[in-house]
Amino acid sequence: MGKCEQCIIREFNSLKSLTKEELMRVSACKTGKLYRKGQVIFEEGETLNGVYCVRDGVCKLTKLSENGKDQVVKLVVKGGLLGKRSLVSEQKTNLSAVALNDMEMCFIPKSEIMNDLSKNPKFTMDVLREMANDLKESDVNLVNMAQKSVKRRMAEILMYIHDNFGTDDEGYLSIILSREDYASIVGTATESAIRILSQFKKEGLISTKGKQIKIEDYGSLKWIE
């Protein structure tokens, strides 16, 4: 693992507000870990003893619903910090984190983060700002669930993955999700998600190869109602 003060990843999150001396101290205390695709990083209800910084890869944050199914709440990419809300609130985590592909993570102990939160106001404000943005995003998702059709939400998640994560050399979305994950994200049954994706395929909006999806007509997806 590289040194925090030399790591470009910190520019994507609140760690950018730490001084060079603070980053050097954090760097000396952190530990690195690799997570394989499908591996659980932490589970809902756990007590976290630090935060996870995503150096590479993508994970999903999920919430267990009353019917026993996992609801995908958010996708977290390079530069994301996991677990900061639990540390600040001193509560057990209310979400689970699972690697969607092979990931490289840095774990920073709670004592180091809490020390910086108490001594560095700029870092504290940046952490609070990130938490406020997470809440704003949750509000937007809640409204979308209530007001937009399932077809529209499916089109939007496909475009979101395309715009934020890109495609592979063959043009397929670089993030591979199961049909269950797509259903969870848009808030519908798996059968309904499969039916909508099949309809998109028949209409020439997408093509598929196994679990992989390629957007063939981005412009038409934008007009799905």
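Only heavy atoms go into these numbers, but all of them, side chains included; no hydrogens, no water, no symmetry mates.
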Residues K151, E225: salt bridge by 4.0 Å N-O rule
no
Taking all non-hydrogen atoms of both residues, which atom of M154 and which atom of I157 are closest, and how far apart?
O-CG2, 3.0 Å
Separation between CD1 of I176 and CD of Q212, rounded to the nearest 0.5 Å:
4.5 Å
Distance, nearest 0.5 Å, that separates OG1 of T167 from CD1 of I215:
9.5 Å
T188 backbone acceptor or donor facing S192 side chain under 3.5 Å:
no
Side-chain donor/acceptor of S184 to backbone N/O of E180, under 3.5 Å:
no
State, with a plain yes or no, whether a side-chain heavy atom of I175 is found less than 4.5 Å away from one of L100.
yes
Work out which heavy atom in Q39 is nearest to a heavy atom in Y35; give both atom names and the distance.
OE1-CA, 3.4 Å
dist I206:CD1 -> S198:OG (nearest 0.5 Å) comes out at 8.0 Å
Given M105 and I41, is the side-chain contact (heavy atoms from CB on, under 4.5 Å) satisfied, shown in steps?
CA-CA 10 Å; M105 309 276 280; I41 300 164; 4.0 Å; yes
What pair of heavy atoms forms the shortest contact from E112 to C29, and how long is it?
OE2-SG, 3.5 Å
Can you tell me if T93 uses its side chain to pair, donor with acceptor, with the backbone of L95 under 3.5 Å?
yes
What's the separation between atom CG in L48 and atom CG in L87, rounded to the nearest 0.5 Å?
7.0 Å
Is it true that the side chains of N101 and R36 contain a donor and an acceptor less than 3.5 Å apart?
no
Q91 vs N94 side-chain heavy atoms within contact, under 4.5 Å:
no
Please check if the side chain of S118 supplies one atom and the backbone of N115 the other of a donor-acceptor pair under 3.5 Å.
yes
Minimum side-chain heavy-atom gap V77-V54 below 4.5 Å
no
Are Q199 and L205 close enough that some pair of their side-chain heavy atoms sits under 4.5 Å apart?
no
Stepwise, does the side-chain contact (heavy atoms from CB on, under 4.5 Å) test hold for L177 with I161?
CA-CA 10 Å; L177 299 175; I161 293 173; 3.7 Å; yes
Does the side chain of L81 come within less than 4.5 Å of Y52's, by heavy atoms?
no
Under a 3.5 Å distance rule, please check whether T190 uses its side chain to pair with a backbone N or O of A183 as donor and acceptor.
no
Closest non-hydrogen contact found for L61 with A97 is CD2-CB, 3.7 Å
May I ask you to say whether E130 pairs ionically with K84, meaning some side-chain N is under 4.0 Å from a carboxylate O?
yes
Donor-acceptor pair, N164 side chain versus Y160 backbone, under 3.5 Å?
yes
With the threshold set at 4.0 Å, does a side-chain nitrogen-carboxylate oxygen contact exist between E170 and K209?
yes
Tell me whether E191 is salt-bridged to R195, with the criterion being a basic N under 4.0 Å from an acidic carboxylate O.
no
Here the gap from M114 atom CE to K119 atom NZ, rounded to the nearest 0.5 Å, amounts to 13.0 Å
What are the two closest heavy atoms between R55 and C106, and how far apart are they?
CD-SG, 3.1 Å
Given V88 and R85, is the side-chain contact (heavy atoms from CB on, under 4.5 Å) satisfied, shown in steps?
CA-CA 5 Å; V88 172; R85 185 172 61 189; 6.0 Å; no
State, with a plain yes or no, whether a side-chain heavy atom of M103 is found less than 4.5 Å away from one of C59.
yes
ILVMFWY cluster membership beyond V98 - transitive side-chain contacts under 4.5 angstrom
V40
Does K214 have any side-chain contact (heavy atoms from CB on, under 4.5 Å) partners at least two apart in sequence or in another chain, and if so, which?
Y172, S207, E216
Between K60 and D181 (salt bridge meaning N to carboxylate O under 4.0 Å), is one present in this structure?
yes
Apply side-chain contact (heavy atoms from CB on, under 4.5 Å) to Y182 and I213, showing your working.
CA-CA 12 Å; Y182 277 111; I213 295 177; 3.8 Å; yes
Is the shortest heavy-atom distance from the side chain of K30 to the side chain of F107 under 4.5 Å?
no
Restricting to non-hydrogen atoms, name the atom on R179 and the atom on A193 that form the minimum distance, rounded to 0.1 Å.
O-CB, 4.1 Å
Does the side chain of F165 come within less than 4.5 Å of L173's, by heavy atoms?
no
Short question: side chain of R152, backbone of I224 - any donor-acceptor pair under 3.5 Å?
yes
Evaluate the salt bridge (Lys or Arg N to Asp or Glu O under 4.0 Å) criterion for residues E156 and K148: first the C-alpha distance (whole Å), next the side-chain angles of each, then the deciding distance (0.1 Å), finally the verdict.
CA-CA 10 Å; E156 287 185 348; K148 294 183 178 180; 2.7 Å; yes
Please identify each residue that fulfils ring pair (Phe, Tyr, Trp, His ring centres under 6.0 Å) with F200, with sequence neighbours left out.
none
With a 3.5 Å distance limit and no angle check, can you tell me whether T62 reaches the backbone of Q71 through a side-chain donor-acceptor pair?
no
Are I108 and M131 linked, directly or through intermediate hydrophobic residues, by side-chain heavy-atom contacts shorter than 4.5 Å (ILVMFWY only)?
yes
